[in-house]
Trainee: 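Below is a structure I'd like to ask you about.
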Amino acid sequence: MSIDAEQLVSWYRDAQRDLPWRRPGVTAWQILVSEFMLQQTPVARVEPIWLAWIDRWPTPSATAAAGSAEVLRAWGKLGYPRRAKRLHECAVVIAGEYDDEVPTDVETLLTLPGIGAYTARAVACFAYSASVPVVDTNVRRVVTRVLRGQADAPARARDLDDVAALLPDDATAPTFSAALMELGAVVCTARAPQCGCCPLTHCRWRSAGYPEGTMTRKVQRYAGTDRQVRGKLLDVLRDSSSPVTRAQLDVAWLTDTAQRDRALDSLLVDGLVEQTLDGRFALAGEGEIP
DNA sequence: CTCCGGTTCT
DNA sequence: AGAACTGGAG
């Protein structure tokens with residue numbers, strides 16, 4: 001059981017989106033930055049921020065030198081700001097321990113902050129053309145449908161090996177991986193798949209008559225959660241170039257004071273916010289000398 | 001397994 | 001009102 005690499009790759013060569021991090025001349029670090037930003041975040045929202053970001057900080061050392069507070073500010077409202085902190089930490093390590101060059105092997109990449117199983121392989125594959133399986137939610141969905149005939153399925157430890165077995169045994173492997181992700185992103189989508197535009201001639205899901213998915217997803221609310229409160233608190237800190245008082249933070253969320261306190265505490269624990277000696281609050285690294 | 005943003009589309 | 005979005009870490 002496999003996926004026709006020829007069909008998929010030739011479709012990709014013609015139909016791929018013109019994304020800025022896919023253009024020639026983009027460095028491994030800049031691809032790494034795009035992968036951090038794309039974690040759980042749609043392409044359309046990442047694009048403008050990535051363009052401004054690499055123009056301002058094109059290298060790990062430039063990013064490290066900027067300081068974590070400025071990096072958190074530039075991250076803006078992209079979401080999951082812990083990613084920004086980890087990206088800055090990543091820059092510090094690469095600049096300091098790897099001579100400003102992104103490591104090429106998956107094992108080393110996995111040791112860096114914010115880089116997990118997906119991002120390590122995405123960087124190795126897309127930045128260094130390594131023939132490694134790149135498995136994100138899109139790839140998992142495509143493989144589940146085409147090869148297993150199910151609309152969706154939970155992630156399994158086997159997924160990595162299964163996708164590795166699908167890779168063509170030649171130099172087109174990285175393109176095949178990009179194409180698999182692209183197919184999941186624009187054709188074989190979660191909600192309204194465009195099967196009429198699918199380049200694959202064999203698909204078990206189609207043969208089976210598109211059976212419904214059975215996965216019960218968790219609701220992941222946002223309004224009224226601690227995450228929203230954390231966002232409100234960070235809004236205040238991003239907009240201030242100097243530390244703010246507790247009272248200035250308190251007005252950001254008056255609905256539930258216990259929740260507000262819990263949110264602020266979690267930001268301190270995550271290292272996104274720091275308290276100054278006089279008891280005020282600031283973005284982490286605000287006081288550092290750039 | 002849970003938590004962690006914020007926007008957009010349906 | 002839900003769901004989806006190129007995940008990682010505790």
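Model, not experiment: these values are computed from the prediction.
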Trainee: What is the distance, to the nearest angstrom, from the CD atom on A:Q16 to the P atom on C:dT6?
Mentor: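 Atom-to-atom, A:Q16 to C:dT6, this comes out as 16 Å.
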
Trainee: Could you please name the option among C:dA9, B:dG5, C:dT6 that lies closest to any side-chain atom of A:M181?
Mentor: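 Ranking C:dA9, B:dG5, C:dT6 by closest atom to the A:M181 side chain puts C:dT6 first.
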
Trainee: Between A:T225 and A:Q228, do the side chains contain a donor N or O and an acceptor N or O under 3.5 Å apart?
Mentor: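 Short answer, no.
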
Trainee: At under 4.0 Å, does any side-chain N or O of A:Q39 touch on OP1 or OP2 of C:dG7?
Mentor: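 For C:dG7, neither OP1 nor OP2 has a side-chain N or O of A:Q39 closer than 4.0 Å.
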
Trainee: Inspect the surroundings of CG in A:L254 and state if more than 12 heavy atoms from other residues, nucleotides or ligands are less than 6.0 Å away.
Mentor: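 Buried by this count: over 12 neighbours within 6.0 Å.
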
Trainee: Which whole number of Å gives the distance between the P atom of B:dT10 and that of C:dT6?
Mentor: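 The answer is 15 Å between these two P atoms.
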
Trainee: Scan A:E182 against the nucleic acid and name what it touches under 4.0 Å (heavy atoms): base, sugar-phosphate only, or nothing.
Mentor: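 Since no nucleic acid heavy atom lies under 4.0 Å of A:E182, the category is nothing.
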
Trainee: Consider the side chain of A:K77, meaning its heavy atoms from C-beta on, and name the nucleotide among B:dC4, C:dA9, B:dG6 that approaches it most closely.
Mentor: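 Of the candidates, B:dG6 comes closest.
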
Trainee: Rounding to an integer number of Å, can you tell me how far A:L32 CG sits from C:dT6 P?
Mentor: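 The answer, rounded to whole Å, is 18 Å.
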
Trainee: Base, sugar-phosphate alone, or nothing: which one does A:A117 contact when heavy atoms must sit under 4.0 Å apart?
Mentor: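 Here A:A117 touches the backbone only, sparing every base.
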
Trainee: What is the distance, to the nearest angstrom, from the NZ atom on A:K85 to the P atom on C:dG8?
Mentor: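 For the pair A:K85 NZ and C:dG8 P, the rounded distance is 18 Å.
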
Trainee: Hey, does the side-chain of A:R83 have a donor or acceptor N/O within less than 3.5 Å of a partner on the base of C:dG7?
Mentor: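 No pair found.
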
Trainee: Are A:D250 and A:R246 within salt-bridge range, i.e. N to O under 4.0 Å?
Mentor: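 Counted as a salt bridge, because a side-chain N and a carboxylate O are separated by less than 4.0 Å.
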
Trainee: Among B:dG5, C:dG7, C:dG2, find the nucleotide with the atom closest to the side chain of A:R191.
Mentor: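 Of the candidates, C:dG2 comes closest.
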
Trainee: For A:Y80 and C:dT6, give me the distance from atom OH to atom P, rounded to whole Å.
Mentor: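 Checked: the OH to P distance equals 13 Å.
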
Trainee: Can a salt bridge be assigned to the pair A:E89 and A:R86 using a cut-off of 4.0 Å between side-chain N and carboxylate O?
Mentor: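 A salt bridge is absent here (no side-chain N lies under 4.0 Å from a carboxylate O).
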
Trainee: Report which part of the nucleic acid A:V43 touches: base, sugar-phosphate, or nothing (heavy-atom distance under 4.0 Å, all strands).
Mentor: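 Touches a base.
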
Trainee: OP1 or OP2 of C:dC5 less than 4.0 angstrom from a side-chain nitrogen or oxygen of A:R141, does that happen here?
Mentor: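 It does, given that an N or O in the side chain of A:R141 lies less than 4.0 Å from OP1 or OP2 of C:dC5.
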
Trainee: Which part of the nucleic acid does A:W21 contact within heavy-atom distance under 4.0 Å: base, sugar-phosphate only, or nothing?
Mentor: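 The residue A:W21 makes base contact.
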
Trainee: Keeping A:R230 on the side-chain end and A:R260 on the backbone end, is there a donor-acceptor pair under 3.5 Å?
Mentor: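 Here the side-chain-to-backbone pair does not exist.
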
Trainee: Do we see a donor-acceptor contact under 3.5 Å between the side chains of A:E35 and A:Y118?
Mentor: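 Present: a donor and an acceptor within the cut-off.
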
Trainee: Once you round it to whole Å, what is the distance between C1' of B:dG5 and CZ of A:R227?
Mentor: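 Taking atom C1' of B:dG5 as the reference, CZ of A:R227 is at 6 Å.
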
Trainee: Over all strands shown, is A:S34 touching base, sugar-phosphate only, or nothing at heavy-atom distances under 4.0 angstrom?
Mentor: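 A:S34: no heavy atom of the nucleic acid under 4.0 Å.
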
Trainee: May I have the distance from A:L160 (atom CG) to C:dG8 (atom C1'), rounded to whole angstrom?
Mentor: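 After rounding, the gap between these two atoms is 15 Å.
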
Trainee: Taking the side chain as every heavy atom from C-beta outward, state whether A:P58 and A:Q30 have any atom pair closer than 4.5 Å.
Mentor: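 SC-SC contact between A:P58 and A:Q30 confirmed.
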
Trainee: Tell me what A:L272 touches on the nucleic acid: a base, only sugar-phosphate, or nothing, going by heavy atoms under 4.0 Å.
Mentor: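 The residue A:L272 makes no contact with any strand.
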
Trainee: Quick one: is C:dA9 close enough that its OP1 or OP2 comes under 4.0 Å of any side-chain N or O from A:R82?
Mentor: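 A:R82 to C:dA9 OP1/OP2: no side-chain N or O under 4.0 Å.
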
Trainee: Taking CG from A:L38 and P from C:dG8, how many angstroms apart are they, rounded to a whole number?
Mentor: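 Checked: the CG to P distance equals 12 Å.
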
Trainee: Specify the separation, in whole Å, of atom CG of A:L234 and atom P of B:dG6.
Mentor: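 The distance from CG of A:L234 to P of B:dG6 comes to 7 Å, rounded to the nearest Å.
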
Trainee: At under 4.0 Å, does any side-chain N or O of A:T41 touch on OP1 or OP2 of B:dG6?
Mentor: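 No, outside the criterion.
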
Trainee: Base, sugar-phosphate, or nothing: which does A:G79 touch, judged by heavy atoms less than 4.0 Å apart?
Mentor: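 Base contact.
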
Trainee: Where the side chain of A:R86 is concerned, which of C:dG7, C:dA9, B:dG5 is the nearest nucleotide?
Mentor: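 For A:R86, the side-chain atoms sit closest to C:dA9.
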
Trainee: Look at the side chain of A:T137 and decide which nucleotide, out of B:dT10, C:dC5, B:dC4, has an atom nearest to it.
Mentor: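 Nearest to the side chain of A:T137 among the choices is C:dC5.
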
Trainee: Closer than 4.0 Å, any side-chain N/O of A:Y222 to the OP1 or OP2 of B:dG6?
Mentor: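 Indeed, a polar side-chain atom of A:Y222 lies that close.
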
Trainee: Could you work out the separation of B:dT7 and C:dG8 based on their P atoms and round it to a whole Å?
Mentor: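 Each nucleotide's P atom is 23 Å from the other's.
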
